[in-house]
Amino acid sequence: QAYLAAVKVPDVAAYQAAHDAAVAELEQAKNASTITDLGSLTSAVYKAQEAIDRAADVLGKVKAAIEGCTECDPSRSVTVDKVQYTLAQTQDDYNGALNNLTVANLNLEAAQYKNDQTIAAAQEAVDDAWQALQWALDPSPDDVTLAETQVRAAEANLAKKEAGPRAEQV
């Protein structure tokens with residue numbers, strides 16, 4: 001009977017509150033996504049790309065210096081921008097910068113994927129809450145009829161159980 005009452009006179013305020021909460025969750029998810037897009041993970045990608053650019057520049061200069069002296073030892077250190085480097089060291093620095101960029105991109109992509117999933121789930125919750133609110137504002141006569149039928153069936157079953165077993169069942 002409580003179900004029937006809830007169908008006939010739904011608690012619109014509760015459905016509205018559920019919808020409002022779902023909308024707030026969606027906005028929070030969107031804000032988190034914006035923070036990711038503008039925040040430290042994106043910054044890490046840019047910094048990693050800048051590190052690659054610097055490492056590539058130094059590597060190019062070291063290679064040019066080593067190739068410029070064909071009779072010199074190729075494993076020797078050379079001075080570039082007032083700093084001593086070896087080709088192996090600058091190649092390692094460049095490879096490390098590439099690895100750092102890969103990791104930064106993966107971290108950013110993982111965060112964006114998580115945000116996308118969170119936003120999708122929040123949007124689904126908003127849609128569900130909206131449908132429930134619309135139902136509460138205008139319940140279908142079919143829903144009321146179904147609830148009334150279910151209540152009558154439950155009352156009939158209860159009456160049978162309360163009456164006890166029939167003589168032919170004993």
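Keep in mind that the numbers below use all heavy atoms, side chains included, and drop hydrogens, waters and symmetry copies.
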Notebook entry, point to check: Is there a path from Val45 to Tyr113 through hydrophobic residues (I, L, V, M, F, W, Y) whose side chains come within less than 4.5 Å of each other?
Noted result: no

Notebook entry, point to check: Under a 4.5 Å side-chain heavy-atom rule over Ile, Leu, Val, Met, Phe, Trp and Tyr, are Leu26 and Trp130 clustered together?
Noted result: no

Is the side chain of [X] donor-acceptor paired with the backbone N or O of [Y] at a distance under 3.5 Å, no angle test?
{"X": "Thr86", "Y": "Val78", "value": "no"}
{"X": "Thr34", "Y": "Lys30", "value": "yes"}
{"X": "Thr79", "Y": "Lys82", "value": "no"}
{"X": "Thr118", "Y": "Lys114", "value": "yes"}

Identify the two heavy atoms, one from [X] and one from [Y], that lie closest to each other, and give their separation to 0.1 Å.
{"X": "Cys69", "Y": "Arg76", "value": "CB-NH2, 3.6 Å"}
{"X": "Val80", "Y": "Tyr85", "value": "O-CE1, 3.6 Å"}
{"X": "Ala129", "Y": "Ala22", "value": "CB-CB, 4.3 Å"}

To the nearest 0.5 angstrom, please state how far the [atom1] atom of [X] sits from the [atom2] atom of [Y].
{"X": "Asn105", "Y": "Leu101", "atom1": "CG", "atom2": "CG", "value": "4.5 Å"}
{"X": "Asn115", "Y": "Thr36", "atom1": "CG", "atom2": "OG1", "value": "4.0 Å"}
{"X": "Asp57", "Y": "Thr90", "atom1": "CG", "atom2": "OG1", "value": "11.0 Å"}
{"X": "Glu25", "Y": "Ile119", "atom1": "CD", "atom2": "CD1", "value": "12.5 Å"}
{"X": "Leu41", "Y": "Asn107", "atom1": "CG", "atom2": "CG", "value": "6.0 Å"}
{"X": "Leu133", "Y": "Gln16", "atom1": "CG", "atom2": "CD", "value": "5.0 Å"}

Between [X] and [Y], does any side-chain donor sit less than 3.5 Å from a side-chain acceptor?
{"X": "Gln112", "Y": "Asp116", "result": "no"}
{"X": "Asp127", "Y": "Gln131", "result": "no"}
{"X": "Gln49", "Y": "Asp53", "result": "yes"}

Item checked: Pairs satisfying disulfide (SG to SG under 2.5 Å), at least one member in residues 73-151, at least two apart -> none

Notebook entry, point to check: Under 30°, 30 to 60°, or over 60°: which ring-plane class applies to Trp135 and Tyr15, parallel, tilted or perpendicular?
Noted result: perpendicular

Do [X] and [Y] touch side chain to side chain, with heavy atoms closer than 4.5 Å?
{"X": "Lys63", "Y": "Ile66", "value": "no"}
{"X": "Thr42", "Y": "Tyr46", "value": "yes"}
{"X": "Gln134", "Y": "Asp138", "value": "no"}
{"X": "Gln84", "Y": "Gln89", "value": "no"}

Next item on the list: Check the surroundings of atom CD in Glu124: do more than 12 heavy atoms from other residues, nucleotides or ligands lie under 6.0 Å from it?
Entry: no

Next item on the list: Could you tell me whether Arg54 and Asp93 make a salt bridge, using a distance below 4.0 angstrom between a side-chain N and a carboxylate O?
Entry: no

